[in-house]
There are 2 protein chains.
Amino acid sequence: MKDIIIVGAGLAGSVHAILMAKKGYNVKVFERRPDLRNVELKGGRSINLALSTRGLKALEPAGVKEEIESICIPMYGRKMHDIKGNLTFQSYGKEDEAINSVSRGDLNKRLLLNATEYKNVSFFFNHKCEDIDLKTNTAHFIDEHNNRVSHTADYIFGTDGAFSAVRLRMMKTDRFDFSQTYLGHGYKEILLPANEDGTHKLEKNALHIWPRGQYMLIALPNFDGSYTCTLFFPYEGEPSFNSLQTPEAVNDFFKSTFPDFYELMPDLADEYFKNPTASLVTVKCNPWNHGNKTLIMGDAAHAIVPFYGQGMNASFEDCSVFYEMLEANDDDMEKTIVEFAAKRKPDGDAIAQLALDNYIEMRDLVADESFLLRKKIENKIYEKHPEKWMPLYSQVTFSHIPYSVAYETGQKQKRIMDKIMSQPDIKEKWDSQEVEQQILNALDH
Amino acid sequence: MKDIIIVGAGLAGSVHAILMAKKGYNVKVFERRPDLRNVELKGGRSINLALSTRGLKALEPAGVKEEIESICIPMYGRKMHDIKGNLTFQSYGKEDEAINSVSRGDLNKRLLLNATEYKNVSFFFNHKCEDIDLKTNTAHFIDEHNNRVSHTADYIFGTDGAFSAVRLRMMKTDRFDFSQTYLGHGYKEILLPANEDGTHKLEKNALHIWPRGQYMLIALPNFDGSYTCTLFFPYEGEPSFNSLQTPEAVNDFFKSTFPDFYELMPDLADEYFKNPTASLVTVKCNPWNHGNKTLIMGDAAHAIVPFYGQGMNASFEDCSVFYEMLEANDDDMEKTIVEFAAKRKPDGDAIAQLALDNYIEMRDLVADESFLLRKKIENKIYEKHPEKWMPLYSQVTFSHIPYSVAYETGQKQKRIMDKIMSQPDIKEKWDSQEVEQQILNALDH
């Protein structure tokens, strides 16, 4: 059987390793960081992600879906906290539809342990990829003893993240389009601890948002009762990371801006200054393949901002789409590498744009009355005519509709709803037969 | 006096070296390629560029303007060749305004020789920049003996072109925006030799264009009577570089598409297959500085496609803008590095967009009747009201108006002219008082 090198044992790399092992390939996985399998992970302190329908689908053929679901906390909707501490709840989808809070570290560790079960998978940790020879399909690494080691394989997959070394080599080939674009906003994590009895200080089964127009705070539940909270905030201006330089400034800002959070949170300023400020990047490139032997997947091909909760899900979906395509192509790997790169690229672009758009929605629109009415109308149509109208959020989060199709449908829906909402008496008549008919008519055009 | 490292002894690097030497800095210039000063350049065989007003301005303080003008052939306008061989001439500007055909190699060599005159400039050829340490301002090179050598300076300037090593290091720092975007079209050079008596086969003082809608051929005159011609052509489709695979296909295509050129050109297919097909890239990034010690300039900061003839001119203008800014800042280098990067970036973006837009104009619109009428109207207004209306081409090519301002003015002019041209009887009344007044009124809004 043929040899595969996977560069990067993160989330996408681990799942891809399992799926390729199931296909019988000899899989070598190289990872820059130490072996996560031996690390005792501290609950709560890690980054949280929201696993949803697309991500779960890839875990099924990988045989890990149930295990991973057991470490997830379902969140059935957004709980909005206004400046007075008033709460509003907005479901993400239908009654049983949820996105799942999961610790990145725990998830990665369990995927790696599952991959270890396959005899035809071997791991090389503390191996930093230095370069790839695209002609010979050889990957060069620096190992933990600072030695240079090289491995050659039939196929190389780069799942080495937003700053991919595999992609960096591809970037130096002719006609490779590439962009990395940072937001003017960054983020900082803040851990809201559990109550003394280990219970949660906020409603457990929700994603909490403190939308404040130009910025926001969010909170995702952890199993130990804590919440991983994240402040998304401008780097410059007033207020911004730059303007909050003292404990007093931080406390004053949180007290007046997120008062209910401030009351719950001990040692806020300490936590604020202890944690780094991190940046938010969107990476796009084309093509994702080099010939029919090398392919980048996951963040290496399409790093996106986190506002749709789709970064990991998009990466996992890469794995399941690739796996299904390989099956459909009767295990013709070379054909699949080329076909996947071409077919999946528009979906990467679409989710990148959707994620950027959703920052505006999360930090601003969710607190807007007209926006909430719009959602109410959409949900009504969805309930009555599910075959004609699935809200964009549901398409992205709870379906397997390709992102690029969801994006186009969402654009069409937006045009229709903009017109519906522009009617001066929409507040009064939103629930009427007339409005419903207007929407159905518009859909037929 | 302080030390400066300049990475890249191309066009921008040479001029910047001279200007910084004049300012009294100790300048070390490192170049990947061999010493161009010792190379006997073959006339005609090299790439041609069009030096215009912005470029010439930088050569003045560098003390090389007259020398460089002596190796230029002025081109006063475009000479369009239609498919039947009919010729049309379109002036670039006012009577004495021209762009200047010059050999890239000759120009670079003379700039280097001039820089050599300064005792405080030293050159290091065959030095490939491997990396930059942005903290210590140290540049690492591999020299001709394959040795690793390092040099530290107070300031480092990266003028190392579209694939800049200095920029590659900056790209790995946080919040550095970068994009490289290739056109789906490439180019191939074809040398049209002189007549046997050394005279030119086409009119000498013009830039020749064979516009053919989706693609074009252009020709720039050389001193030895030859022309450097360039086919700008799609990579794929019909016709394309990919579709012309045999001498017969090339000959048939040129014979039917560029018949008058085909008649003049000996051994066309040989020349076609001998020369490589090259790609066309636009590079954008932000910021151009790293702190107040490191700056990229020229193509390293803003590589653009060649369709406005502004790549070199924009790079030279970087040098003169930087030089003037340094003077205005009383030789405060650190302030100037930061100020230049912020102020000049929008101009880089503007000329990148203008250059992309101009491909459409050159290959398609210049053969369009309505487009020519539009230009005629614009020129009339320019002549009668030069203080109110300077055509975009003149702003870009024959003025020092910042590119970003020219771009905005051009957008406004386009909106006005779109409206003027949409009048059904414009062909009849274009020269009327009425149309003139319409334009003047629109300008006041």
Practice prompt. Could you tell me which portion of Leu183(B) (side chain, backbone, both or neither) has an atom closer than 4.5 angstrom to a non-hydrogen atom of chain A?
Written response: backbone

Let me see the donor-acceptor pairs closer than 3.5 Å between chain A and chain B, or none if nothing turns up.
| from | atom 1 | to | atom 2 | distance (Å) |
| --- | --- | --- | --- | --- |
| Met171(A) | O | Gln180(B) | NE2 | 3.0 |
| Asp174(A) | OD1 | Ser279(B) | OG | 2.5 |
| Asp174(A) | OD2 | Ser279(B) | OG | 3.4 |
| Phe176(A) | O | Gln180(B) | NE2 | 2.8 |
| Asp177(A) | OD1 | Tyr182(B) | N | 2.6 |
| Phe178(A) | N | Gln180(B) | O | 2.9 |
| Phe178(A) | O | Gln180(B) | N | 2.8 |
| Gln180(A) | N | Phe178(B) | O | 2.8 |
| Gln180(A) | O | Phe178(B) | N | 2.9 |
| Gln180(A) | NE2 | Met171(B) | O | 3.0 |
| Gln180(A) | NE2 | Phe176(B) | O | 2.8 |
| Tyr182(A) | N | Asp177(B) | OD1 | 2.6 |
| Ser279(A) | OG | Asp174(B) | OD1 | 2.5 |
| Ser279(A) | OG | Asp174(B) | OD2 | 3.4 |

Discussion item. What part of Phe178(A) gets within 4.5 angstrom of chain B, counting heavy atoms only: side chain, backbone, both, or neither?
Written reply: both

